[in-house]
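For reference, positions follow the sequence shown, starting with 1. When a ligand or atom number is given, it counts from 1 through the structure's own listing order. Quick caveat, the model's predicted, so the values are computed rather than measured.
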Amino acid sequence: MRVKLLNAPIDCLSMDQSVERVAELISAGGPRRVITLNPEILYRAVQVDHDLLELINKADLVTADGEGIVWAGRVTGTPFPERVTGIDLMLRLVDRAAAEGWKVYLLGAAPGVAEDAAKQLTRRFPGLQVVGTQHGYFKSDEEVAIVQSIKQKGPQLLFVALGAPAQEKWIDRHIESIGHVVAVGVGGSFDVISGRVARAPLWMQKLKIEWLGRLISEPSRWRRMLVLPKFAWLVLKTYRLGRKL
Ligand code: UDP
């Protein structure tokens, strides 16, 4: 089931179901977009960036990325089964890719990071085929060559780690030229998988305070996190004070 939250579609799927959905998209073929939607991006799309809202509406799969979205689902009476974050979805898809023989391409992050992430992933998931990597600090006149190279390598799964919403916009600009691929924006996931950035400990993830761990390890994010109370207020105002957007 797909619901609307603040005019954005979100799929009410568990992690297992999201992985199945991606498998179906790969079988169906064609250019396919996956967005893991967190409160920060949703707030931005609804309040200031309507092109971004259009992109979210175009996506084939939109997952509830983070406790903020799961909470909003409870407030609006359409609960999401669980959070499906970019990094968790990526790890599950890569695991499945190793079993199914899907080819994977990693685009984004600082030079060297995607290669290191690829090494870690192939070590962890034997049989995984990472057919290419490309860092995310290219010039705009290099994009055509990058897109051609991705197309020629023919991945079924393209993970794009340029940060949101740049990655969603990049995917939208180029996915039609790449052709048959499922593209997933995964933010800072390559930094974590390569070992450059530590993920919050499991106990924090279980207590659903991973955002706090992230704030502690990267204090410069505090400004970005100010959007969370604004998002919460928008949800309450829209759905609890009877003023539907
Ligand atoms: N990045 C990139 N090219 C750019 C800007 C950023 O490849 O021009 C990468 C950056 O190195 C990092 C990721 O995009 O790996 C963004 O991570 P962040 O945690 O900020 O993204 P979020 O998960 O918050 O969207």
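- For atom 7 (O) of ligand 1, the nearest non-hydrogen atom of the protein is Ala109 N, 2.8 Å.
- In this structure, Tyr137 has a heavy atom closer than 4.0 Å to ligand 1.
- The nearest protein atom to atom 9 (C) of ligand 1, hydrogens excluded, is given as Ala161 O, 3.5 Å; this is a heavy-atom distance.
- At the top of the distance list for atom 3 (N) of ligand 1, counting protein heavy atoms only, stands Gly136 O, 2.7 Å.
- Below 4.0 Å from some heavy atom of Arg224 lie the following atoms of ligand 1, by number and element: 20 (O), 22 (P), 24 (O).
- In this structure a side-chain-to-backbone donor-acceptor pair under 3.5 Å is present from Gln17 to Ser14.
- Leu107 places none of its side-chain heavy atoms less than 4.5 Å from the side chain of His174.
- Residue contact check: Ala110 has heavy atoms under 4.0 Å from atoms 11 (O) of ligand 1.
- Heavy atoms of other residues, nucleotides or ligands lying less than 6.0 angstrom from CZ of Arg173 number more than 12.
- Shown here is Lys208, whose NZ atom has no more than 12 heavy atoms of other residues, nucleotides or ligands within 6.0 Å.
- Using a 4.0 Å cut-off between heavy atoms, Glu218 makes no contact with ligand 1 at all.
- Of the protein's non-hydrogen atoms, the one nearest atom 13 (C) of ligand 1 is Gly187 O, 3.7 Å.
- Short contacts between ligand 1 and Ala164, defined as distances under 4.0 Å to a heavy atom of the residue, involve ligand atoms 25 (O).
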So Ile41 and Leu52, side-chain contact (heavy atoms from CB on, under 4.5 Å) or not? Walk me through it.
CA-CA 8 Å; Ile41 294 307; Leu52 180 58; 3.9 Å; yes
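- Looking from atom 18 (P) of ligand 1 to the surrounding protein, the closest heavy atom is Gly188 N, 3.8 Å.
- Interface of Asp191 with ligand 1, defined as ligand atoms under 4.0 Å from a residue heavy atom, comprises 12 (C), 15 (O).
- Between Glu40 and Phe231, every side-chain heavy-atom pair lies at or beyond the 4.5 Å cut-off.
- Of all protein heavy atoms, the one closest to atom 19 (O) of ligand 1 is Arg214 NH2, 2.8 Å.
- Counting non-hydrogen atoms of other residues, nucleotides and ligands closer than 6.0 Å to NE2 of His180 gives a total of 12 or fewer.
- Side-chain N/O atoms of Ser194 and Asp116 include no donor and acceptor closer than 3.5 Å.
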